[in-house]
Amino acid sequence: MGDATTAGRPETASPDLGKAGLRLEVDGAVATVTLDRPERRNAMTFDTWRGLAAIGRSLPADVRVVVLRGEGKCFSAGIDLGMFSGDGEGFSDGSDAAATDRFIAELQEGYTWLRRPDIVTVAAVHGHAIGGGFQLALACDIRVAADDARFCMKEPALGLVPDLTGTKPLVEIVGIGRALELCLTARTVLADEAARLGIAEIVVPRDGLDGAVRDLVASLLAVNPGAAVATKRLLWEAAENTLEEQCAAERREQIGRLREMFGN
Ligand code: ACO
């Protein structure tokens with residue numbers, strides 16, 4: 001997408017993000033995070049996930065929409081397989097359960113901030129979205145897919161479980177039976193099926209991806225900012241709440257909106 005969401009001069013990405021295989025451009029209310037290791041199909045390292053968490057922590061307060069995209073041929077080939085063979089930092093062997101728990105929790109922070117109600121997050125997916133890449137798309141609020149998109153939850157085939165926050169949204173989106181089928185076969189879901197299953201909200205021809213994301217971002221920004229934050233908060237609560245709790249949440253949020261609108 002590159003300049004798709006940027007009308008002005010983007011802010012410079014920090015050098016640490018470059019090492020993490022990430023690029024960040026902020027232009028007013030829109031931040032674009034690019035997975036930027038195209039020669040490795042945007043494979044992700046521990047630094048990538050820490051870099052994503054750092055972006056979440058340091059996002060300027062006036063950013064309302066965050067777009068995640070991949071440079072080159074695909075969105076992301078998932079975890080950098082080199083890390084299994086000892087490149088980079090290496091894995092914990094799990095023998096210290098508490099330390100490993102903390103370690104994975106730190107990596108998950110790269111994904112959890114994407115649910116924050118003060119921003120709307122959009123994954124622009126083309127080509128492969130595998131493992132941690134698929135989970136990154138699932139962590140976003142809305143997925144726009146090119147017609148060449150290919151989603152695969154590969155972890156079980158490698159002896160692992162998906163642990164980058166993807167199991168909850170996957171089950172919520174496709175249901176437990178389909179989630180089991182997808183994860184335990186590690187099969188690839190093509191764009192058409194992704195649309196049918198609700199994994200992708202929008203599917204467009206590959207050369208229309210940037211334009212579709214640009215249009216979506218413009219529509220998201222056209223909505224009242226306070227109402228957008230309150231509505232996202234409300235919708236995310238809905239799955240966990242009883243009807244009674246959700247009705248109360250609607251009343252609470254509406255009171256906040258009315259007070260703001262009428263200056264009380
Ligand atoms: N980790 C490290 N390097 C990778 C990865 C990866 N996950 N994926 C691709 N690369 C590298 C390749 O080794 C290759 O390097 P080289 O040019 O030095 O040989 C380069 O990226 C290009 O890869 P190709 O396989 O040639 O690209 P192609 O477009 O034909 O295929 C595909 C892309 C399908 C993504 C393939 O590379 C692949 O299957 N990669 C592994 C995917 C995977 O198993 N990921 C782990 C998921 S589990 C998890 O994320 C926790």
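Here the side chains of L68 and L52 are in contact, with some heavy-atom distance below 4.5 Å. At least one side-chain heavy atom of I55 sits less than 4.5 Å from a side-chain heavy atom of W113. In this structure, the side chains of M44 and D80 stay at 4.5 Å or more apart for every pair of heavy atoms. Side-chain contact check for V189 versus L182: some heavy-atom pair is nearer than 4.5 Å.
Under a 3.5 Å cut-off, the side chain of Q135 and the backbone N or O of G166 do form a donor-acceptor pair. At least one donor-acceptor pair under 3.5 Å links the side chain of Y111 to the backbone N or O of G132.
Both L35 and L59 are part of a single hydrophobic cluster, where members link through side-chain heavy atoms under 4.5 Å apart. Both L160 and L164 sit in one connected hydrophobic cluster of ILVMFWY residues. Membership requires side-chain heavy atoms under 4.5 Å apart, directly or through other members. Linking Ile, Leu, Val, Met, Phe, Trp and Tyr whenever their side-chain heavy atoms come within less than 4.5 Å puts V120 and I202 in one cluster. No path of Ile, Leu, Val, Met, Phe, Trp and Tyr side chains, each step under 4.5 Å between heavy atoms, connects V67 with V203, placing them in separate hydrophobic clusters. Tracing side-chain contacts under 4.5 Å through hydrophobic residues (I, L, V, M, F, W, Y), one never reaches L114 starting from L235; they form parts of separate clusters.
Closest of all the heavy-atom pairs between A124 and V213 is CB-CG2, 3.7 Å. The heavy-atom pair separating T121 from C140 by the smallest distance is OG1-CA, 3.3 Å. Smallest separation of non-hydrogen atoms from V65 and V122: CG1-CG2, 4.3 Å. Of all the heavy atoms in R143 and I173, the pair that sits closest is NH2-CD1, 3.3 Å. Closest heavy-atom contact between A249 and N241: CB-ND2, 4.2 Å. Taking all atoms of both residues into account, the shortest heavy-atom contact from R64 to V223 is NH2-O, 2.8 Å.
In terms of the salt bridge (charged side-chain N to carboxylate O under 4.0 Å, His left out) criterion, residue partners of D118 (sequence neighbours excluded) are, by chain and number, R116. For A227, the side-chain contact (heavy atoms from CB on, under 4.5 Å) partners at least two apart in sequence or on another chain are N224, R257. For K168, the salt bridge (charged side-chain N to carboxylate O under 4.0 Å, His left out) partners at least two apart in sequence or on another chain are E172, E240. Residues passing the salt bridge (charged side-chain N to carboxylate O under 4.0 Å, His left out) test with R196: none are found, sequence neighbours excluded. Taking the salt bridge (charged side-chain N to carboxylate O under 4.0 Å, His left out) definition, one finds that R251 meets it with nothing, sequence neighbours left out. In this structure T242 satisfies the side-chain hydrogen bond (donor to acceptor under 3.5 Å, both in side chains) test together with E245, sequence neighbours excluded.
Other residues sharing the hydrophobic cluster of L180, ordered by chain and number and joined by side-chain separations under 4.5 Å: V171, I176, L184. L258 belongs to a hydrophobic cluster whose other members, connected by ILVMFWY side-chain contacts under 4.5 Å either directly or through intermediates, are M261, F262.
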Task: Evaluation steps, side-chain contact (heavy atoms from CB on, under 4.5 Å), between T32 and V217 - done: CA-CA 11 Å; T32 301; V217 169; over 6 Å; no
TODO: Quick one: do E71 and D36 satisfy side-chain contact (heavy atoms from CB on, under 4.5 Å)? Show the steps, please.
DONE: CA-CA 5 Å; E71 191 63 59; D36 194 18; 3.5 Å; yes
TODO: Under the side-chain contact (heavy atoms from CB on, under 4.5 Å) rule, what do R23 and L17 come out as? Steps first, then yes or no, please.
DONE: CA-CA 6 Å; R23 212 168 69 231; L17 292 185; over 6 Å; no
- [ ] Give the C-alpha distance, both sets of side-chain angles, the deciding distance and a yes or no for side-chain contact (heavy atoms from CB on, under 4.5 Å) between D147 and V204.
- [x] CA-CA 6 Å; D147 56 7; V204 294; over 6 Å; no
- [ ] Could you walk me through whether T165 and R115 pass the side-chain hydrogen bond (donor to acceptor under 3.5 Å, both in side chains) test, one step at a time?
- [x] CA-CA 11 Å; T165 80; R115 280 108 168 158; 3.0 Å; yes
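Heavy atoms from other residues, nucleotides or ligands lying under 6.0 Å from CG of D192 number 12 at most. E39 CD: more than 12 foreign heavy atoms inside a 6.0 Å radius.
Screening residues 216-235 for salt bridge (Lys or Arg N to Asp or Glu O under 4.0 Å), with sequence neighbours left out, gives D141-K232, R233-E253. Counting only residues at least two apart or in different chains, salt bridge (Lys or Arg N to Asp or Glu O under 4.0 Å) contacts with residues 179-191 comprise R178-E181, E181-R187, R187-E193. Applying the salt bridge (Lys or Arg N to Asp or Glu O under 4.0 Å) rule to pairs touching residues 119-131 yields nothing, sequence neighbours excluded. Counting only residues at least two apart or in different chains, ring pair (Phe, Tyr, Trp, His ring centres under 6.0 Å) contacts with residues 122-143 comprise F134-F151.
Using a 3.5 Å distance cut-off with no hydrogens or angles, the side chains of D93 and S95 do pair a donor with an acceptor. Using modelled atom types and a 3.5 Å distance limit, the side chains of R69 and T34 yield a donor-acceptor pair.
The side-chain contact (heavy atoms from CB on, under 4.5 Å) with W49 is formed by just one residue from the set L136, L22, I104, I79; it is I79.
Note that the NZ atom of K19 and the CZ atom of R50 stand 8.5 Å from one another [nearest 0.5 Å]. With rounding to the nearest 0.5 angstrom, the CZ atom of R40 is 12.0 Å from the OG1 atom of T45. Note that the CE atom of M153 and the SG atom of C183 stand 5.0 Å from one another [nearest 0.5 Å]. The CG atom of N42 sits 8.5 Å away from atom CZ of F75, with the distance rounded to the nearest 0.5 Å. Note that the CZ atom of R150 and the CG atom of L190 stand 5.5 Å from one another [nearest 0.5 Å]. Atom CD of Q108 is separated from atom CG of D101 by 8.0 Å, given to the nearest 0.5 angstrom.
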